[in-house]
Protein chains: 2
Amino acid sequence: MEAATTPALGEVTVDLAAVILAVTEGSPRVLTVQGEADAEWAGEAGRRWVAERTGMQLGYVEQLYTFGDAGRDPRERAAGARVLSVAYLALVREQAFEAAGATWRDVYELLPWEDRRGGEPEVLAQAIEPALSRWWLAAGDEPTASTTTLDTAGGSPRERAEVAFGLGDLGWDSQRVLERYELLYEAGLVGEAGRDAGEPERGGHAQARLGKAMALDHRRILATALGRVRGKLSYRPVVFELLPEQFTLSALQRVVEALAGLRLHKQNFRRLVDRAGLVEPTGVQAHTARGRPAELFCFRREVLRERPAPGVGLPRSGR
Amino acid sequence: MEAATTPALGEVTVDLAAVILAVTEGSPRVLTVQGEADAEWAGEAGRRWVAERTGMQLGYVEQLYTFGDAGRDPRERAAGARVLSVAYLALVREQAFEAAGATWRDVYELLPWEDRRGGEPEVLAQAIEPALSRWWLAAGDEPTASTTTLDTAGGSPRERAEVAFGLGDLGWDSQRVLERYELLYEAGLVGEAGRDAGEPERGGHAQARLGKAMALDHRRILATALGRVRGKLSYRPVVFELLPEQFTLSALQRVVEALAGLRLHKQNFRRLVDRAGLVEPTGVQAHTARGRPAELFCFRREVLRERPAPGVGLPRSGR
DNA sequence: TGCTCTATGCTCACAGCGAGCATAAACTGG
DNA sequence: CCAGTTTATGCTCGCTGTGAGCATAGAGCA
C-alpha cells in the first residue's frame, strides 16, 4: 500500500452508475445503467443522460456513493487504471414494466434476505445463519480491520454478523443492507465473492449462493441504494416520488412496505401519515375491486414548511 | 449540455479531499487536506495518506461526497479536464492546536451563522435575513430548477430560504448546513460567489461578506461535512471519536453542543445518554477547577448491540 | 340476509422528551 | 464557621409519539 502517494492524474477512469428504483405491483424493482459520461450529473444533464438511455423521466435524484475499491472492475487490469464509479440513486414512478428496452429486476430476487414482509424469510434460518456461524468460527474472534473506530459494531466477525442480521435477541435494522451484503460477500455466500476470487463455477454439492448475482459490483451498489432509500423514508417524503399524484393510503403503505421490506400496522400507519400532515384527502373515492372503497389522497407539500424531517418512520426492530 | 454523452476517459482528473474535524476548547475546528492520491482511500491506506501529511492518527473516516460541478476548480481550464474531488470526512480526538504544521481553523469563523449556542447569532437578523429577502424579491417567485422533485422544499427562492434558515415561525434545522451555504452562495453573500463569477474584490460600500472564504469550493465541502456530522450525531455514537477515553458528561455535552451549534438542556442530556446506555460510569471523579467534581464516564460499547441507532438526538427546532 | 373484504375511527398503555424544581458537593471570601 | 457561587446530579410533571388491538363502516357476493 505504498501507493498512497502515487499521483492519480491519468491513472483513474471515471464512469457513472445510476440505480433507478421503482415499485411495481408491490415489489421494488431496479434498473441499473452504467456508462461513461460527463462528470456532472446531479442536475438536468444527468436526467437527460438517463432519459436518453432508458426513455424515462427521473423524479428524485441524489448522489449515492463513489465506488473505487481495487479490483472492482476487470477493466482495471486491461487499462492499467483504477476505475471509479460515481453512483447516483434515482426514483421513478410506477410504470410499464418494459420501458424502452430497459429490463427491470426484482430487488428481492437479488437480495432475498431483505424482504421480511412475509415474516422472517426462511433463507435466513436455513442458509444464512448456519453459514455465517461457520464462517465466524473459522475466522476466529479477532476484530476485523479498524478497531480504531467505535462505530462499526464490535469488530469481531461474530458480533458484526449478529448485529447486521439481528441474530439472537437483537432486532432487525432494515437500513443495514450494505453491512449485510458485505458480510455475505466476505463469508463467500454470494456468487460475486467466488467470481471475484477467480474460482470456477460451483457445482452441485457446493454451498448454495444467495440471491442472483449481478455484473461487476452492481449488487453492492444496489445494496447501498436500498439502504439509503430505507433510511431516507423516515425523514424525507421520498415515497411520493414513487407513487402517482393520487393514491389510497393502502397503496402508499404498500410502497413503503415494499421498500422497507417490512409489514406495518395498518391503523398506525394511517394515523402516522395523517397526523404528521404528509397527506391530504382529495374527497375522491377510488374504485376498488373488493371491499369498502378507499379515499384518494395526495402529498401535502406544506409539510415541508412544518416539519424539519417529514417521513414515515419505520419501526426500530422489525420483529 | 449536449456533452452528456461525451466519453469521460482521460478527460477527468480525480483528487482527494479530507475534511478533518476536531473539537478543541469548546469549538469545532477543521483541517482540510487536498491532493492527488490513489483512488482507494476508505481503508488503512487513507489513514496513512492523512497521517503522512498531517502527522495525525484518524479515528472515524467515511466518504462524504464527490464534488464535480463544472467550474469548481481553476485547474479545469488549464488542463482542459473536469476535476473531480472525492471528499472524505474524518474525526480526530481533541489535540494540540498545531499538529505537525497543520493549521486548524475555527468552523464557526467560516460558517458563523451555524453557531446558535449563544442564541440566534446577530448576523442572521442583521445581515442574512434582509439580504436574502432582497435576493428572493429580485429573483422572482418562480420555482428554481427541478420542480419535479418534491423533496427540495418548495422550490421558490423565498420558500427555500425560509425553510433553510428557519425564518418566520419555522424552526432551525441544524442539519441543513449545505442548503444554507448554497443559498448564501446563490444570493452572492459569501466571498466565493463573487470570486467564482470573476468579480474584483469588493470595496468599502459593498455588501459585507459572511464568514471567511476558503480556497476553491472548500467551504462548500466543509458545509457538507458539518451537516453530515450533525446528522450522524443523532443515530451513531460519533461524538466519542472526538473525546478522550474518559470524560465528564459536561465535556460530552460541550462537544455535542459545539458540533450541533446548539445549547442543550443539561439534565435532559444526562438522562438521554444515561438511559440510552451510551455511557457507563467509571467511578472515578474528575478534578475540576470549580464547583462540584464530576464523575468520569466512558463509552459503553454494548449499546451497539442493544440499539439500532445509538446517538444523542438533537432537538428538532433549536428555537 | 349474512359473509367476506378492505377502509376507517378510536382507545389504552407506555416510552421519550421538553421544562423546570430541588439537592449535593466542591470552592470562595467574610 | 457561614453565606454565596459554581457545577453536578436526582426527580417530577405533562405532552406527544407510537405499538397494539377493538370496533365500526361500506362495498360486493353467495
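Numbered from 1 within each chain, the chains take letters A, B, ... in sequence-line order. Small disclaimer: the values here were computed from a predicted structure and weren't measured.
- At a cut-off of 3.5 Å, with distance as the only test, a side-chain donor of A:Glu62 or A:Tyr60 sits close to an acceptor on the other residue.
- In this structure, A:Gln267 reaches the bases: a heavy-atom distance under 4.0 Å links it to at least one base atom across the strands shown.
- When the P atom of C:dG18 is taken as reference, atom CG of B:Leu262 falls 11 Å away, rounded to whole Å.
- No engagement by A:Thr288 is indicated, since no non-hydrogen atom pair under 4.0 Å with the nucleic acid exists.
- Nucleotide D:dT7 holds its C1' atom 10 Å from the CZ atom of B:Arg254, rounded to whole Å.
- The phosphate of C:dA24 (OP1 or OP2) has no side-chain N or O of B:Arg292 nearer than 4.0 angstrom.
- Computed from coordinates, the B:Phe297 CZ to D:dA8 P distance equals 11 Å when rounded to whole Å.
- Atom-to-atom, CD of B:Glu295 to C1' of C:dA26 comes out at 15 Å; the value is rounded to the nearest Å.
- Along DNA chain C, the nucleotide closest to A:Gly291 and the one closest to A:Gln285 are compared, and the more 5′ of them pairs with A:Gly291.
- Rounded to an integer number of Å, the gap from CG of A:Leu272 to P of D:dG19 is 8 Å.
- Computed from coordinates, the A:Asn268 CG to C:dC12 P distance equals 15 Å when rounded to whole Å.
- In this entry the distance linking NZ of A:Lys266 with C1' of D:dG19 reads 17 Å, nearest Å.
- The distance between atom NE2 of A:His287 and atom P of C:dC5, rounded to the nearest whole Å, is 22 Å.
- Side-chain atoms of B:Arg305 do not come within 3.5 Å of backbone N or O of A:Val163 as any donor-acceptor pair.
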Side chain to side chain donor-acceptor pair (under 3.5 Å), that's the test. Do B:Glu257 and B:Gln253 meet it? Break it down for me.
CA-CA 6 Å; B:Glu257 288 178 333; B:Gln253 184 175 353; 3.1 Å; yes

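- Between A:Arg105 and A:Glu109 there is no salt bridge, since none of the side-chain N atoms of the basic residue sits less than 4.0 Å from a carboxylate O of the acidic one.
- Using a 4.0 Å heavy-atom criterion, one finds that A:Thr248 contacts no nucleic acid atom at all.
- Evaluation of atom-type donor-acceptor distances gives a pair under 3.5 Å for the side chain of B:Arg271 against the base of C:dG18.
- Residue contacts shown for B:Arg275 are limited to sugar-phosphate atoms, with no base heavy atom under 4.0 Å away.
- Taking the nucleotide of DNA chain D with the nearest heavy atom to each of A:His265 and A:Pro293, the more 5' of the two is matched to A:His265.
- A salt bridge links A:Arg180 and A:Glu114; the closest N-O separation between the charged side-chain nitrogens and carboxylate oxygens is under 4.0 Å.
- Using a 4.0 Å heavy-atom distance criterion, B:Leu249 is classed as making no nucleic acid contact.
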